Amino acid sequence: MTFMISDGIMPSNNGRGYVLRRIIRRAVRHGRKLGIKGSFLPVLAQRVIDTSKDGYPELEEKKDFILNVVKAEEDKFDKTYEQGMDILKEMEDGLRKEGKSSLSGEEAFRLYDTFGFPLDNTKEILAEDGFGVDEDGFNAAMEKQKTTAREDRKKSGKAATYMGAAATVYETMDPKINSEFTGYDRLVCDSTIVALAAFGGEDEEDTAAEALSDGQKGAIITSRTPFYGTMGGQIGDKGIIVLKNTYSEAGGIKANSEELSLEAALGKGAAVFEVESTEHVAGDKIAHIGHVVSGMFKLGDKVTLEVDAKNRFATCRNHSATHLLQKALREVLGAHVEQAGSYQDAERTRFDFSHFKAMTPEELKKVEDIVNEKIAEELPVTTEVMSLEDAKKTGAMALFGEKYGDRVRVVSMGDFSKEFCGGTHVKNTIEIGQFKIISENGVAAGVRRIEALTGDNVRKYYENLESEIRAASELVKATPATLSDHIRRLQEELRQVKSENESLKAKEAKNALGNVLDKVQEVKGVKLLASSVPDVDMNGLRDLGDQLKTKLGDPCAVVLLSEKDGRVSLMAMVSDGAVKMGAHAGNLVKEAAKLVGGGGGGRPNMAQAGGKNPAGIPDAVAKTAEILSSQISG
C-alpha cells in the first residue's frame, strides 16, 4: 500500500488503483475483525516508511502525502463499512431462510456499487459463513452497467463518430501503411494519400474508401505529415489538405514558401479537405479527420498539407507552460507532486497532479509567479533524442506508468525543467507570453487539477473580466473603483430586510396557528400538538416548533404541516421525556408524510419531511395521534 502510493498509484475503481483499493479495504475489514477501533492504517504506513526510508528516500519525501491518501481512503470505506456489513448480514439471513448456498450476482454487485465492497471481499466474508457468490451474475451486472454507460455516452452526441471513425475501420487497412511525422520544425509538406476512411451517417457504418468527394466527412492518411496527432495530453493539429495538381493548375504557390489559407485555396479553385482533428490510429498511422470542402480526394493523390500555424502556436504555448507548471508545483508543494493527466489545446492547459489538499491562494500565487519568472528569463527550449538509459541519467522526469521505447525525446527549458515528451513546444519560454491560473480544484482522491491560460488568451481573460466588472458596476449604479463598497452596503441592507422578513413570518405563523392550547391532545400521557399552518417554509416551522415545545413542557410532541408554493413541509419535534416513553419524531414524520405524497425522516427528537399533495394535510394532522399512540407503550 505504502509503496504503491509512493509510486503515484491512487485508489480508484480500475487497474492498479483498484488493486490498491482492495488491499486497503481488506485491511480495514480485518482490522475491525481484530477489534481495532478508529484509524490504524496510517500507523502501519508510517512504520513502513521508518524502516524502509534508508533504501527508498522517496518514501520520506512523500510521507505526508502517503499518510493523507491512506487516511482518506480508510475513512471513506469506514463510513459505509458498518452499513454494508449490516446489509450483507441481512442477505445471509435471507439465504439461510430460503435454504440457498450462494448470494446472487445482482446482490453482490449492489454491495460493490453502493457500499464499495469488492467482489473478493464479499466472497471472503461469505466463505467464512459457508456461502458462495454467483460470480457470473456479478460480471453480468457489471457489464450491464458498462453497456448502459456506453449507450448514455452515445446518446450525448455524434462527436465520437464524426471526429474519429470506429477503430475497426482503421484496423481493416493494410498494417504496412504508416505515417512519418515531420512537423516538429515545419508546418507544411507534400505527401501522398495512402488510405481513406468515409464516415457514415446516423445509421450507417464507417468504411475504408477509395475516394472522398465534396461535402463528405472522413479521414485522410498520408505517408508523411506535419500534423501532430493527439498524444500525451496535447490535442491534435487543425489545418487544410490541398490536392496538389488542382492547386498548381490554378496558379498556386509551392509548399513551404507561403501560407496556404483555406480562402486562398478555394479562391483558386483547388480541391480542399479541412482537417478538424488529427489522431493516431491503428499501427503508426496518423489520421487527418474532417470533411471535403470542395473537389475530390482519391488514393494515390499528391497533396500539400498545411497546419494552422496560429492554432499550433497557441497549443505550443500551453504545452510548454505545463512543463514549467509541473516543476513550479514540485518546488512549492514538494517532491510528491506527480503528473496524473494533462490536456492542452489552443485555448487553455489543464494539468492534473498528485496532491492531497486544496492549494491555498498563497501557494497558487507563488506557483504562478515562478512560471512567469521563467517565461521572462527567456529560457531556451531544446529537444534531444537519446537512449532511455541516458535520459534517466540526465534526471529528466518521466510520466509514471508510461511505457517508453529504447530511444526517447527529452525537452529541456534551460536548467529549470527537463522532461520526457513527444509533444510540440515553443523555441524559447518568452514566446509563452503570460501565464495565468484560472482554477484549482479536486478531481479525485489525492488528485488536484489546475486550469491555466497563456499568451493572447490571458489578455482576453482580463478583457472579459473588465467587461463583467463594468457591467456589474452599472447594475448597482457604481464605478469599478467603488463596486466593493456598494456591494458591502447592499449586503447589509439585505441582511436587515431578511431579519425583518423572518420576524414578520414568525409573527404570521403564530397568528395563523391561533390559540395552541385549544389544539393540544393528550396521548398516553404525552401532550400532542398537531396542526397545519399556511404558507410557512421549513425554517419557519422549526422556529415555531421550538417555541411550542418549550411552551407545552415535557413530555410533549409537536407536529406542524404547511403548504407553500404547492408543496408540503412537515416537521416534528419530540421532548426528551416523550422519547424515553417510546415516541420517535423520525418514524412519526415518515408515516404522516405518506398521506401528503412524500417521505422523510430524522432523529428521535427532531425530523422533517416534504410532500407534493397539499390535499392530504388534514388527514395527516388527524392521523398523528394514532401514529404517536402506536409508538408509546402502556
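This is a predicted model, so every value here is computed, not measured. Just so you know, these numbers use all the heavy atoms, side chains as well, and skip hydrogens, waters and symmetry mates.
Between His336 and His355, the ring planes are parallel. Angles under 30° get that label, and only those over 60° would be called perpendicular.
When each of Leu528, Val589, Leu588 is checked for a side chain to side chain contact (heavy atoms under 4.5 Å, CB included) with Ile627, only Leu588 meets the rule.
The number of heavy-atom neighbours closer than 6.0 Å to CG of Asp546, taken from other residues, nucleotides and ligands shown, is above 12.
A 4.5 Å side-chain heavy-atom check between Ile49 and Glu60 finds at least one atom pair inside the cut-off.
Looking at Glu451 and Arg348, a side-chain N of the basic residue comes within less than 4.0 Å of a carboxylate O on the acidic one, giving a salt bridge. A salt bridge does not link Lys623 to Glu591: none of the charged nitrogens lies less than 4.0 Å from a carboxylate oxygen. Using a 4.0 Å cut-off between charged side-chain N and carboxylate O, Glu73 and Arg25 make a salt bridge. Taking the charged nitrogens against the carboxylate oxygens, Lys33 and Glu128 do have a contact shorter than 4.0 Å, which makes a salt bridge. Using a 4.0 Å cut-off between charged nitrogen and carboxylate oxygen, Lys100 and Glu92 do not count as a salt-bridge pair.
The closest side-chain donor-acceptor pair between Asp50 and Gln46 falls under 3.5 angstrom. When only modelled atom types and interatomic distance are considered, Glu58 and Ser6 share no side-chain donor-acceptor pair under 3.5 Å. One side chain, Thr322 or Thr349, offers a donor N or O that lies under 3.5 Å from an acceptor on the other. In this model, a donor atom of one side chain and an acceptor atom of the other lie less than 3.5 Å apart for Glu124 and His30.
Here the CG-NZ distance, from Asp619 to Lys594, works out to 15.0 Å after rounding to the nearest 0.5 Å.
Ring centers of Tyr343 and Phe351: at least 6.0 Å apart, outside the cut-off.
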